[in-house]
Amino acid sequence: MGAARSLCQGFLHYAFDYETPKTLVVPSIAAGVVFRFTQLLILLYLVGYVCIVQKAYQDTDSVVSTVTTKVKGYAVIKGSANTSSPQFRDVADYVIPPQGDKSFFVVTNMIVTTNQKVSHCPEIPKPSTLCNQDSQCTTGLEDLRGNGVRTGRCVNYSDTVQTCQVLSWCPLEEDTGPNKEALIDAAENFTLLIKNSVTYPKFNFHRRNIMPHINSSYLKTCVFNSSTDPHCPIFRLKQIVSDAGEEFQVMAVEGGVLGILIDWTCDLDLWASQCLPKYSFRRLDDNNNSRVLAPGYNFRFAKYYKSPEGTESRTLIKAYGIRFEVIVFGTAGKFSMLPTLVNLGSTLTFLSLVPTVSDWFLLTFTKKRGFYSKHKTTHLRDEDEEDEDENKLSMSMGTSYGTQ
Amino acid sequence: MGAARSLCQGFLHYAFDYETPKTLVVPSIAAGVVFRFTQLLILLYLVGYVCIVQKAYQDTDSVVSTVTTKVKGYAVIKGSANTSSPQFRDVADYVIPPQGDKSFFVVTNMIVTTNQKVSHCPEIPKPSTLCNQDSQCTTGLEDLRGNGVRTGRCVNYSDTVQTCQVLSWCPLEEDTGPNKEALIDAAENFTLLIKNSVTYPKFNFHRRNIMPHINSSYLKTCVFNSSTDPHCPIFRLKQIVSDAGEEFQVMAVEGGVLGILIDWTCDLDLWASQCLPKYSFRRLDDNNNSRVLAPGYNFRFAKYYKSPEGTESRTLIKAYGIRFEVIVFGTAGKFSMLPTLVNLGSTLTFLSLVPTVSDWFLLTFTKKRGFYSKHKTTHLRDEDEEDEDENKLSMSMGTSYGTQ
Amino acid sequence: MGAARSLCQGFLHYAFDYETPKTLVVPSIAAGVVFRFTQLLILLYLVGYVCIVQKAYQDTDSVVSTVTTKVKGYAVIKGSANTSSPQFRDVADYVIPPQGDKSFFVVTNMIVTTNQKVSHCPEIPKPSTLCNQDSQCTTGLEDLRGNGVRTGRCVNYSDTVQTCQVLSWCPLEEDTGPNKEALIDAAENFTLLIKNSVTYPKFNFHRRNIMPHINSSYLKTCVFNSSTDPHCPIFRLKQIVSDAGEEFQVMAVEGGVLGILIDWTCDLDLWASQCLPKYSFRRLDDNNNSRVLAPGYNFRFAKYYKSPEGTESRTLIKAYGIRFEVIVFGTAGKFSMLPTLVNLGSTLTFLSLVPTVSDWFLLTFTKKRGFYSKHKTTHLRDEDEEDEDENKLSMSMGTSYGTQ
């Protein structure tokens, strides 16, 4: 019994005896201050950076969002108002694509070429298309910078100029650049309603940009203003462009791309009702540089018609305008046990650097560094072993004291 | 030679003598248990959280994906079936945009205004448009909540009501809200084929949602069902909406936005064939609240026609319907040496916290804490130095023993 | 006074006495080398992985970008060139959607069904639509894999075949698969201009893919080539497809999805002008497998016409083609104090692992491990306490030496 018990105790001691560093308490207030100060720094880092700045005690989630947009307004095209055939445009005409996506284009300027039919017509005059006789126009040549396939004939473009004839949609578009003043200048008064629903799936948190406190009558009359109406979801296009630091009528001439940024960054530990969208606006295409090549934004599209006889014609529209892109972003954070523990632990391991710093200070800068060093550090020499062997002294220190 | 050798040895000892903490083995099983238990906790954290939950031994990559969609089906518009001119619609008519993008809209309800021409007509009656005489209608006023530019005349809207005349697309749309029952109610039977190819570029892993085990005949007849056919890429619109917890015929009246989420989260260390898409469905716009303002989803678009004389007319369609958005997400992980080493090391530094905890336990809670403390900690006093100076005692402990 | 001063000193010593581990310097060059080598490894890891590979001294930001695209070119549809009515197509006809988005579709092949009207016509023959008599055609049956609603009549499809009559857009499309050779084969010579503006908001860094050193005349003539013109923003469609490892004329028949990837990964600590876009191309839909089901990419859309009498007709187009998707990605890094300190500190805590490794080496592999162990480790035994109590010896070591 006794033997078994002792064996068991032996094993317990072998497995569970606790090995701990011997330490020396040094009465150096300087070193102590350095030690405490370094600890304090780490604590401040923990509280300040990890907790307050990084909010490392929070679990985070990225926003999942859906956006629908609706532009309202109408315009009479500049210069057509007092003619016999005024040209009127509303939302179904000038918003492309029409389906109220998060990215949409509002036509502000255009070059319209009506009644185009696939037929033969003279090329637009430029060095490579001018000609005097048919032999200068290679039949079938497809010049990618031209407008159509050459028929091999040289025909009159005007009374004085002859160009190669091409097969194309005729008459050709005469692209002399956009009108110097936007044709649909009234577009600056159009309004834009943005409906944005966001979800933070991890926290089962849902919200709309049409806030609960917004009532129907406010929604009917309000217009967004970053200082007075920051939560009205209805925007005037002119205001959006000017908040992005641009001039609407200037941008309307050649077109551009404008970002509407909605920031849903939220701290869900605070009162959740403080989770509100923050709108900001930024021009996304680069127009800073006066020597920018190929500035602005335009594209061509066509409307197709068929005559009663069945021949197809089209109206080609080169549309200049502003593409609006609604960009929703944000991260929500909420207290969670796991990241708290992980980050707390991770920061605490920094404390293992403190003694290194303090020891270095103690043994380098204090007046009594030699004295401290002597007590702190024992230099073992190889010869000691031989001495020991001779003397057969017990080196177990606890024992040596006891037997003195 | 001897001097050089000794110098060299001196340098070697200076550079490579190893300084190690002196330790005390304390026969306290309690402290030992605390020590081992804390180590065990960290080990469990390493295995449990770092390895199993976070899979920190894996390198991860985000999914790169492309989606094409194709809706099939046709419908006779409600109420037109037995008339002389039944209205028939197929995919080219009701899917907008048509190009099979990851976001598309299916028309389920609509208000159609045919044969609109730019001309003059009376405004829709509402408080701000009613009038008795021309002077109440300011010429040229562009009321953004109206439908056109006022001509300055007050005209008969009906036998009893007079409103201001406007220049606009006439006749004006009479928007009395959507039909109470969806006009294209048959849309619930439309089918949707989703083709989704995903790539994890870092692991050179490619996969389609049309799995290799799906054969042509299955693909022709199958319909997705989360329990019986979870990998059929053909969906019935009604099923999608009902899986999202909504009623198709209710949602079809005012419209909405529906997310089709495809989750490709994969552990590529496992048998790669287990990397399968998981489909889920969620309504993305907010409709929970009965007092939601501006609910649903609709937009206006037009089809343009030209008469033989060249006057343009259009058919304006206010389309209500469901926008479907296919959202592909996922992260794949695969074993990689570098993150394994980094995370292993990072976790092991936690072990440097263990002695702190154990020492605190040892010197605070054990019965013999005074005894342990005395052996562990040496209190150096400033007076000691003076004593030393007097006695000129060697403080090198190893030496002192040897010379006793 | 003296008492207060002493009390104060007592407190100072209590709060600021510095406790430091006692250490033993072991003259084992082997252990020293292991110690220094482990330290060196960690230093190498710090420099090599943390600094050079991970650039952990940098703050990072994700790219915010906007893309506009413009396709140029025209084509005569194959086989129509020498007919009396050649069919000519330009950018407004074959790019869908037209608005120059980052995702667009170029039609390369098609099946056109002209002059469809809502009326009655026989179904396309297939087993489920063949009939001999009216009773085989259930009135009102809406077969979702058919083309329209059955009228209940069995009519002649051709001289020999009878099928059920349906209400639909008639005549029905005869979909016998795409032409074996792409109708718009000239599409391979179309050019694509990509305008891409990127921003790293955190660093207030803006850039365009049309670089400052590109001048107007270069832009008019250049074509992208990964080796000779890697910064020309104008691409030939054939080149894009071939750089993605595909054959244009093969892909044009059934269609597909092609990714144009623009990588703006930048190290902004280097000369910022080295921040250049890198273009790469990849086929995004899966076509590797010869037995792929439902390969390619196509969709149907319609153009609507109205006769002078007001009956609506449409031209249905099943368009096959290539969808191009411009994908912009990238991360920029720039030196920042905070991440540098955090990552430096975090790495330095690894040094707390070094003594563990070295001690294990010292006490396991060195020849004199017994001797080192004896000096390093003091084994305290419970009996020691009893001895002490008897002898009333002061255990404060510094003192004991002084009073010997």
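Quick note on labels: first sequence line is chain A, next is B, and so on, each numbered from 1.
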query = Distance under 6.0 Å and angle within 45° of the ring axis: does C:R323 meet both against C:Y297?
reply =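 So C:R323 does make the cation-pi contact.
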How about [X] and [Y]: do any of their side-chain heavy atoms sit closer than 4.5 Å?
{"X": "B:T68", "Y": "C:D285", "result": "no"}
{"X": "B:I317", "Y": "B:K303", "result": "yes"}
{"X": "C:R369", "Y": "C:F365", "result": "no"}

key: Among the listed options B:V91, B:V26, B:D90, the residue most often paired with chain C at heavy-atom distances under 4.5 Å   =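 Heavy-atom pair counts peak at B:D90.
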request  = Output the option from B:P233, B:A186, B:S197 having the highest count of non-hydrogen pairs under 4.5 Å with chain C.
outcome  = B:S197
request  = Give the C-alpha distance, both sets of side-chain angles, the deciding distance and a yes or no for salt bridge (Lys or Arg N to Asp or Glu O under 4.0 Å) between C:R314 and B:D93.
outcome  = CA-CA 10 Å; C:R314 70 173 193 185; B:D93 305 313; 3.0 Å; yes
Go through the atoms of [X] and report whether side chain, backbone, both or neither lie under 4.5 Å from a heavy atom of chain B.
{"X": "C:V257", "value": "side chain"}
{"X": "C:V33", "value": "both"}
{"X": "C:N298", "value": "both"}
{"X": "C:Y304", "value": "both"}
{"X": "C:L316", "value": "side chain"}
{"X": "C:I42", "value": "neither"}

Chain B contacts, top residue of [options] (heavy-atom pairs, under 4.5 Å):
{"options": "C:P97, C:G321, C:S307", "result": "C:P97"}
{"options": "C:P308, C:P355, C:S168", "result": "C:S168"}
{"options": "C:E19, C:R282, C:R36", "result": "C:R36"}

key: Steps toward side chain to side chain donor-acceptor pair (under 3.5 Å) verdict (B:T378, C:K22)   = CA-CA 9 Å; B:T378 310; C:K22 285 189 172 180; 2.7 Å; yes
key: Worked check of salt bridge (Lys or Arg N to Asp or Glu O under 4.0 Å) between C:D175 and C:K318   = CA-CA 9 Å; C:D175 186 355; C:K318 182 173 184 181; 2.5 Å; yes
query = To the nearest 0.5 Å, how far apart are CD in C:Q116 and SG in C:C170?
reply =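 Those atoms lie 8.0 Å apart.
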[X] versus chain C, heavy atoms under 4.5 Å apart: side chain, backbone, both or neither?
{"X": "B:S373", "answer": "neither"}
{"X": "B:V67", "answer": "backbone"}
{"X": "B:T69", "answer": "neither"}

key: Lys/Arg-Asp/Glu bridge criterion (N-O < 4.0 Å) met for C:K376, C:D359   =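 Yes.
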